[in-house]
Amino acid sequence: MENITAPFTRPCIMDIKMGHVTYDPEASEQKIAREKRKYEYVQQLGFQIIGQKIYKPKRNEYIVLDKVHGRTLTPEQIPQSFSEFFNGDDGQLRTDAVAAVLLQLSNIEDWFRQQKTYRFYALSLLVVYEGESGQPASSKIADVRLIDFAHVFPADGCDENFLFGLRNVKQYLESLLKQRVE
């Protein structure tokens, strides 16, 4: 296994569980009911923010937000959550990190649009970016990986469950960049 945070001095990390359906086709009725109760907005958003670890340079400390916090977020609060994740102490949006993440999400989206063999349930995006300002330009700015492959099933078409959530995450991040320009 690879530690994707290793290249970063002060990694900021977000775990996003993807899909509006987070239980697999073999799930029991109890499991389905339990999953549906976990986050009431998952049908609307197609994703859940499961955890965050955000570095604050001025204080030289991390803020850690767990899945309990993530499950309290309403759709109206999601933009603020992404904004807080990608903002430093000075309130400046890390546009470089957002752009790097968006590029990687687009590559993941391309792959998911092309592959029609598998459906992934409760798959997560692990988003990592460098929280320490002033890192050399040659350093890796951000990385996005797919994690949690426990529920993979054969498919006969695109995984629209995953793609729905991914497109929504991308829209939120694109909105962040657009607000910065305005």
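The analysis underlying the following values was restricted to heavy atoms, covering all of them including side chains, and did not include hydrogens, waters or symmetry mates.
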Margin query: Under the salt bridge (Lys or Arg N to Asp or Glu O under 4.0 Å) definition, can you give me all pairs with a residue in residues 103-122, not counting sequence neighbours?
Written below: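 Sorted pair list: E109-R113, E109-R167, E109-K170, D110-R113, R119-D156.
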Closest non-hydrogen atom pair, [X] against [Y]:
X	Y	result
I63	R59	CD1-NH2, 3.8 Å
N168	F47	CB-CE2, 3.9 Å
V101	A142	CG2-CB, 3.8 Å
D15	S124	OD1-OG, 3.1 Å
Q44	P75	OE1-CG, 3.5 Å
V169	F82	CG1-CZ, 4.2 Å

Identify whether [X] and [Y] are in the same connected component of the hydrophobic contact network (ILVMFWY, side-chain heavy atoms under 4.5 Å).
X	Y	answer
L65	Y172	yes
I147	L163	no
V152	L125	yes
I4	L102	no
I78	V98	yes

Check: Could you walk me through whether L105 and L173 pass the side-chain contact (heavy atoms from CB on, under 4.5 Å) check?
Finding: CA-CA 10 Å; L105 292 178; L173 297 181; 3.8 Å; yes
Item checked: Candidate pair S83 and Q179, rule side chain to side chain donor-acceptor pair (under 3.5 Å), full reasoning -> CA-CA 10 Å; S83 179; Q179 290 171 3; over 6 Å; no
Notebook entry, point to check: Out of curiosity, L166 CG to E160 CD, how far, rounded to the nearest 0.5 Å?
Noted result: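 So the gap between those two atoms works out to 11.0 Å.
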Given 3.5 Å as the limit, does a donor-acceptor pair link the side chain of [X] with the main chain of [Y], or not?
X	Y	answer
E130	E132	yes
Q52	M14	no
D66	H69	yes
Q115	T117	yes

Notebook entry, point to check: Under a 4.0 Å N-O cut-off, is there an ion pair linking R145 with D143?
Noted result: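 Salt bridge present between R145 and D143.
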Next item on the list: Decide whether a cation-pi geometry holds between K31 and Y23; the criteria are a distance under 6.0 Å from NZ or CZ to the six-membered ring centre and an angle within 45° of the ring axis.
Entry: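 No, cation not above the ring by the 6.0 Å, 45° rule.
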Margin query: Just checking Y129 against F8, ring centres under 6.0 Å apart?
Written below: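 Ring centres of F8 and Y129 not closer than 6.0 Å.
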Check: Any luck finding a side-chain donor-acceptor pair between T74 and Q77 under 3.5 Å?
Finding: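 On atom types as modelled, these side chains qualify, holding a pair under 3.5 Å.
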Next item on the list: Check step by step if side-chain contact (heavy atoms from CB on, under 4.5 Å) holds for K17 and T22.
Entry: CA-CA 8 Å; K17 186 181 283 192; T22 58; 3.8 Å; yes
Show me the donor-acceptor pairs, under 3.5 Å and distance only, between side chains in residues 36-43 and residues at least two apart or in other chains.
residue	atom	partner	partner atom	Å
K38	NZ	E35	OE2	2.8
Y39	OH	L73	O	2.6
Q43	NE2	H20	O	2.9

Note to self: As a test of understanding, state which of F120, F149, F153, F112 forms a ring-ring contact (aromatic ring centres under 6.0 Å, His included) with F162.
What the structure shows: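 Of the listed residues F120, F149, F153, F112, the ring-ring contact (aromatic ring centres under 6.0 Å, His included) partner of F162 is F112.
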Margin query: The criterion is side-chain contact (heavy atoms from CB on, under 4.5 Å); which residues satisfy it with P154, sequence neighbours excluded?
Written below: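 So P154 forms no side-chain contact (heavy atoms from CB on, under 4.5 Å) with any residue.
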